[in-house]
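Reminder, nothing fancy here: chain letters follow the sequence lines and each chain counts from 1.
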Amino acid sequence: MADVTTAQDVVTYRESVAEGIAREMRRDPSVVCLGEDIGAAGGVFKTTVGLFEEFGPERVWDTPISEQAIVGAAMGAAMTGMRPVAEIMFSDFLACCWDYLANEIPKVRYMTGGQVTVPLVIRTANGGGLGFGAQHSQSVENWALTVPGLKIAAPSTPADVVGLMASAIRSDDPVVFFEHKGLFASKGRPAPDGHVVPFGEAAVLRQGADVTLVALASTVPLALTAADRLAAEGIEAEVLDLRCLIPLDVTAVLRSVERTSRLVVVEENPYQGGWGGTVVSVVADEGFELLDAPVKRVAGANVPLPFADALEDQVIPTVDKVVDAVRSLATY
Amino acid sequence: MADVTTAQDVVTYRESVAEGIAREMRRDPSVVCLGEDIGAAGGVFKTTVGLFEEFGPERVWDTPISEQAIVGAAMGAAMTGMRPVAEIMFSDFLACCWDYLANEIPKVRYMTGGQVTVPLVIRTANGGGLGFGAQHSQSVENWALTVPGLKIAAPSTPADVVGLMASAIRSDDPVVFFEHKGLFASKGRPAPDGHVVPFGEAAVLRQGADVTLVALASTVPLALTAADRLAAEGIEAEVLDLRCLIPLDVTAVLRSVERTSRLVVVEENPYQGGWGGTVVSVVADEGFELLDAPVKRVAGANVPLPFADALEDQVIPTVDKVVDAVRSLATY
Amino acid sequence: MTETTATDLLALHETMTLIRRTEKAAHDLFLSGLVKGTTHLAAGHEAVAVGTRSALQDGDYAFATYRGHHHAIAWGATPEECLAEFMQRSTGLNKAKGGSMHLTKAEAGMLGSYAIVGAHLPIAVGAAWSARLRKTDQVSVAFFGDGATNIGAFHEALNLASVWKLPVLFVCENNFYMEYTPIASVTGVGNPAADRAPSYGIPAEVIDGNDVVAVRDAVARAAGRARAGDGPTVLEAQTYRHYGHSRTDPAKYRPDGELERWLERDPLTVSAGRLREAGTSDDDIKAAEDRAAAVVDQAVAGAKAAPQADLSEAFTDVWADGGAAWRT
Amino acid sequence: MTETTATDLLALHETMTLIRRTEKAAHDLFLSGLVKGTTHLAAGHEAVAVGTRSALQDGDYAFATYRGHHHAIAWGATPEECLAEFMQRSTGLNKAKGGSMHLTKAEAGMLGSYAIVGAHLPIAVGAAWSARLRKTDQVSVAFFGDGATNIGAFHEALNLASVWKLPVLFVCENNFYMEYTPIASVTGVGNPAADRAPSYGIPAEVIDGNDVVAVRDAVARAAGRARAGDGPTVLEAQTYRHYGHSRTDPAKYRPDGELERWLERDPLTVSAGRLREAGTSDDDIKAAEDRAAAVVDQAVAGAKAAPQADLSEAFTDVWADGGAAWRT
Ligand SMILES: Cc1ncc(C[n+]2csc(CCOP(=O)(O)OP(=O)(O)O)c2C)c(N)n1
Ligand SMILES: Cc1ncc(C[n+]2csc(CCOP(=O)(O)OP(=O)(O)O)c2C)c(N)n1
Ligand SMILES: [Mg+2]
Ligand SMILES: [Mg+2]
């Protein structure tokens, strides 16, 4: 991961998760948390530290290992006046309650003709790079993308964690909130009071005229580091942090490609069925005339994730792979 | 759905499912079936009619409503010398056992360093168009596509059902086999004896120089009908039936685009996260120079599926939508 | 114990008749081609829905399955709203976006019909949790079939409800069949719901699901415990479906005579018998039944006359803002 | 009942020591930075794995969890293969592609360690089904934690195993904690596995999981029933983990004195006591322990000396043909 820490970077991404939740719990008594080991233990990633102490057992609930019951109960509570924030410890475990994410939560409003709303947040630790192996390392934001009716956020900085968490918890729509495991220890500026990052607005983190790099969560620092290296070679990359997959800020992508005529999508999920395919589709359709070169996707390899660090590096995006992809376009 | 029936079209897609399974069960005693109501009842879609009678209760097993146990047991049996064919009644219910498709079945071989193989088939009735509503109509082949390690077949004709079923059951790799509900009643030529359709080979069902239509399962007859209509307007469409998503025959797609310079992907799953995005990505990268026009995807709308037929038509691909998409390119 | 007067009972009988007539109308409309898609009729199950509702209070929640017409109507959906939904009319209960499997009357606390077996049990638990968090006196009821007791969500829901001592009632409508397979052939215990309750520390009763008063009494006891903070109850109501599983099912798998035996204990026959015992005249019973029949006749006419689903509705109601925008 | 001679017991004691030493080595290698990722040590649980294996036959299957080092070694994986795996060496049991959570020794019937809680229970049931279909005499064992008893897959697996009367043993290692939360606080019954068994019609026993002989005897009984066609058994072995849940857990949530009390009943202490009772000399016990220690010392050296994972392995073993090709 890129280390771009400065003096103002005093809070971690990890702390910002708890901070973001706490701010909303203070504002709104209908916000309640549930999940495995999130209470006194503060969560296995320490992303809920302090919540149990501040808000007590009626607002921070430890659950059995019952992912279906966790998100199912969150759904029922959301339909009846609460704003639950459910933790699914590792995003891989979303598979254990996938019916709720795929068939129940995103559909109930539509299929009842708008009779109910489901204002809930499902938070989960996503992504690899830590050597947790095939069942604890996946980037599964693409799973969520297959399902119309879910909003999807995936912050890359501590301040965005807080700002997007505010939007997520205040949203009357269901949100899947991907916290990246590889970013938990990273630091950044603290979010100002009342910080809210609206959904569906990509951030242009770096300007550049030669190529657009579209990134999300863990791939944002990768893209930024790659951009620095490329700058040294005289290639100026524009770096966009999508921040959300739904709503998807394709306008920002198209505007950037208008300037750069080149697009590289950097995504951690596998190439097959990865979210970059949706971004590329829109650009290959609506932005076809803007393009001067093939569109590239630096994505996870189409293999399960191996345990050994060196093997994992072979199959997830790295700075080198981003740099290589951009170089191949620059000479185009 | 297109009606392109001829005098030789004497078997249904539905019957071909049972026929395809039966042929393999006769060949190989290690093939066993399990699923809900598949035995004496012959399956809720009548796709296993006759199997129980021919092979008996030791080879055709009725199960409780326990999707996790069904595919989990299939996995354990596959790892220990059997070739189970598990039915998940509606593909939407794959969400109830998603952990097995996402985390267990496709990964166990890799993460054990190749110590085990998982030769199983998960068959499931996929897709909409029958007014079954949001939880029984989805096209979820894109879910499977998000997971490296699964092979994915989705036949469009009775003969392909038999031929791909043979490949699926003989495969030493796990296969998700999507049978399209909207095609069950459709007819076609019977599969010849010993018919085997290899995985990963798209079929060129119609030749044409003006545009490539890439289709799968239910969208194949749509694309063929659209091609007929377009021909009347002087537009010659080439129609490819992918038949499999993994392995994905991108070579066939690229070859066709080489001839036509235009690409429209017709897919029933939603646009967001749909498989067309992966196809388009490859073409926008490796086939960029071949393209003379924007690439279009006629896909499901990004909404849950509504019940009323007229509403469902609004949100799934139709012949009209395909024709319109091609027209918009032809004038390009 | 809730006392059930003859007047109460007559009202229950009338509601059950309303349901029975609606199911019959749905069946006939299907045969005449006006109802498409699939339907799972609840004729035979009426007493469970009506008895349960009658023992509860306004504002108590219900969560049902794809076989949920009776619950919707028991919670106040009108036959016309339901039939209009099946007939894909814009006046349908769910604006023709849900269909038979997803009837919902949220304003009355009937929070949906769910078509993935067992999935709504955790959701119902969540509504009960919410009632507790909001310190209301509400109870949440999950209705489900015998087949649902073998799916994982059942297990997770019951355990969580027990551990959190939530005001939730798990009401199993044991009609002895899944789709076409007898439940006994795929379940390790005799009473698929009640025999599992002890493994969550939850009290359970097996009850006569064809006797509306028996259901009402059992639910009243369970709801009382729930409201007192004593946690969930499992009620296994034995009943029988008169039609096949769904519209395409002729139910040939039933042994000879089984349906007939159950028809003798038709919930409407049972309630009529109880009414007579309580001194209600045949005329009064018939008047109630006629009122129900008239409502359903009007409902059929009204639904037929209603406009088809509004095409623009395909793109509404995804998000809380009413729209379906997924991108900028 | 399997008779356990002093010789048998000494072998069991040695294997348990081998596991204990391997766990200690893994812990030390982690502290010295040579083991990365996560590890879930099984020190304290040895008797369950070793006792179970000793009551079974070659070819019987085992399915374990992320806390599976003891099962892998009990089924014949060598400490060196395991340590090499943790250290990401090409000689690792899973070629460094699985890691600590996925130890597998397929050739010995140990068909994997699964890191999604409960997921392997249906898989183990499937292996038992397969044994029955192939008419072998094999038994399949699923090892799992107390926490796994609240997940849906547990429920589905036990019911299916019961209905199909499969030769499968469900062996719960109840160490009284999930990760950091006591199981009692999230479970509706006292014995999370055994108290659930009746709801599937499965016989159950709660056993002393720290006494290798008690485990062995109970497993022998259960395996006998399974092979006789009498179906599954649930065994709940009470035990305790000496380390925290995983490498990052200091286990501060444990009440004072709890660990100490359990250490008094350390499975190695119990087996040593039994050995002494059976007349085995302290010298013989020490010799067995020293052999185990020597194996592990050599294993550490061997694993350290082994080459790092082979980078090309990232793209092998997806498919049965050895490759990873997903397109033409
Ligand atoms: C998870 C899941 N699996 C399978 C189905 C298909 N299915 C619909 S109803 C049904 C039978 C349910 O039986 P039961 O729970 O007894 O309810 P009943 O229909 O008898 O009221 C099945 C298998 C489903 N809808 N969901
Ligand atoms: C489905 C799922 N949920 C959560 C986790 C995270 N997790 C890993 S181990 C564990 C605790 C398991 O406790 P138990 O079953 O008692 O086994 P033990 O670790 O005590 O051996 C949890 C919650 C997981 N791996 N899988
Ligand atoms: Mg039933
Ligand atoms: Mg435990």
- prompt: Checking side-chain contact (heavy atoms from CB on, under 4.5 Å) for the pair C/Trp326/A/Thr278: CA distance, chi angles, key distance, verdict?
  reply: CA-CA 12 Å; C/Trp326 64 280; A/Thr278 300; 4.2 Å; yes
task: Could you please spell out the steps behind the side-chain contact (heavy atoms from CB on, under 4.5 Å) verdict for A/Leu34 and C/Trp164?
output: CA-CA 12 Å; A/Leu34 74 167; C/Trp164 288 2; 4.1 Å; yes
message: Under the criterion side-chain hydrogen bond (donor to acceptor under 3.5 Å, both in side chains), I'd like the reasoning laid out for C/Thr104 against A/Thr112: C-alpha separation, chi angles, the key distance, then a yes or no.
response: CA-CA 6 Å; C/Thr104 303; A/Thr112 62; 5.3 Å; no
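Residue A/Ile152 does not touch chain C at all, counting heavy-atom pairs closer than 4.5 Å. A/Glu67 touches chain C through its backbone: at least one of N, CA, C or O sits under 4.5 Å from a heavy atom, while the side chain does not. A/Glu104 touches chain C through its side chain: at least one heavy atom from C-beta onward sits under 4.5 Å away, while N, CA, C and O do not. For C/Trp319, the parts lying under 4.5 angstrom from a heavy atom of chain A are both the backbone and the side chain. For C/Ala119, the parts lying under 4.5 angstrom from a heavy atom of chain A are both the backbone and the side chain. Heavy atoms of C/Val163 lying under 4.5 Å from chain A are absent altogether. For A/Val71, no part lies near chain C; criterion is any non-hydrogen pair under 4.5 Å.
Ranking A/Val108, A/Thr63, A/Val116, A/Val32 against chain C, the residue ahead of the rest is A/Val32, based on heavy-atom pairs under 4.5 Å. Note: C/Leu160 leads C/Val125, C/Asp321, C/Asn159, C/Leu160 in heavy-atom pairs under 4.5 Å with chain A. For chain C, the option among A/Ser171, A/Ser66, A/Pro247 with the highest count of heavy-atom pairs below 4.5 Å is A/Ser66. Among A/Gly114, A/Pro174, A/Pro148, the residue with the largest count of heavy-atom pairs under 4.5 Å with chain C is A/Gly114. Each of A/Lys107, A/Met82, A/Met79, A/Gln68 has some count of heavy-atom pairs under 4.5 Å with chain C, and the biggest count is that of A/Gln68. When each of A/Met75, A/Glu201, A/Arg59 is scored by its heavy-atom pairs under 4.5 Å with chain C, the top score falls to A/Met75. Looking only at heavy-atom pairs under 4.5 Å with chain A, the residue among C/Lys97, C/Lys105, C/His120, C/Glu313 that has the most is C/Lys97.
Partner of C/Arg327 under the side chain to side chain contact (heavy atoms under 4.5 Å, CB included) criterion, out of A/Asp249, A/Val253, A/Val250: A/Val250 alone.
In this structure, A/Tyr100 and C/Pro122 approach most closely via the heavy-atom pair OH-CG, 3.2 Å. The heavy-atom pair separating C/Ser130 from A/Ala77 by the smallest distance is CB-CA, 3.7 Å. Closest approach of C/Val318 and A/Gly149 over heavy atoms only: CG1-CA, 3.9 Å. Taking both residues in full, the closest heavy atoms of C/Ala320 and A/Asp173 are given as N-OD1, 2.6 Å, listed atom of the first, atom of the second, then distance.
Proximity of a side-chain donor or acceptor of A/Tyr110 to a complementary backbone N or O of C/Ala314 within less than 3.5 Å is detected.
Within 6.0 Å of CZ in C/Arg247 there are more than 12 heavy atoms belonging to other residues, nucleotides or ligands. Atom CD of A/Gln207 is surrounded by 12 or fewer heavy atoms from other residues, nucleotides or ligands within 6.0 Å. A 6.0 Å sphere centred on CD of A/Glu289 holds no more than 12 heavy atoms belonging to other residues, nucleotides or ligands.
Of residues 132-152 of chain C, those residues lying under 4.5 Å from chain A by any heavy-atom pair are C/Arg132, C/Leu133, C/Arg134, C/Gly152.
Here the CG atom belonging to C/Leu111 is positioned 9.0 Å from the CD atom belonging to A/Gln115, to the nearest 0.5 angstrom.
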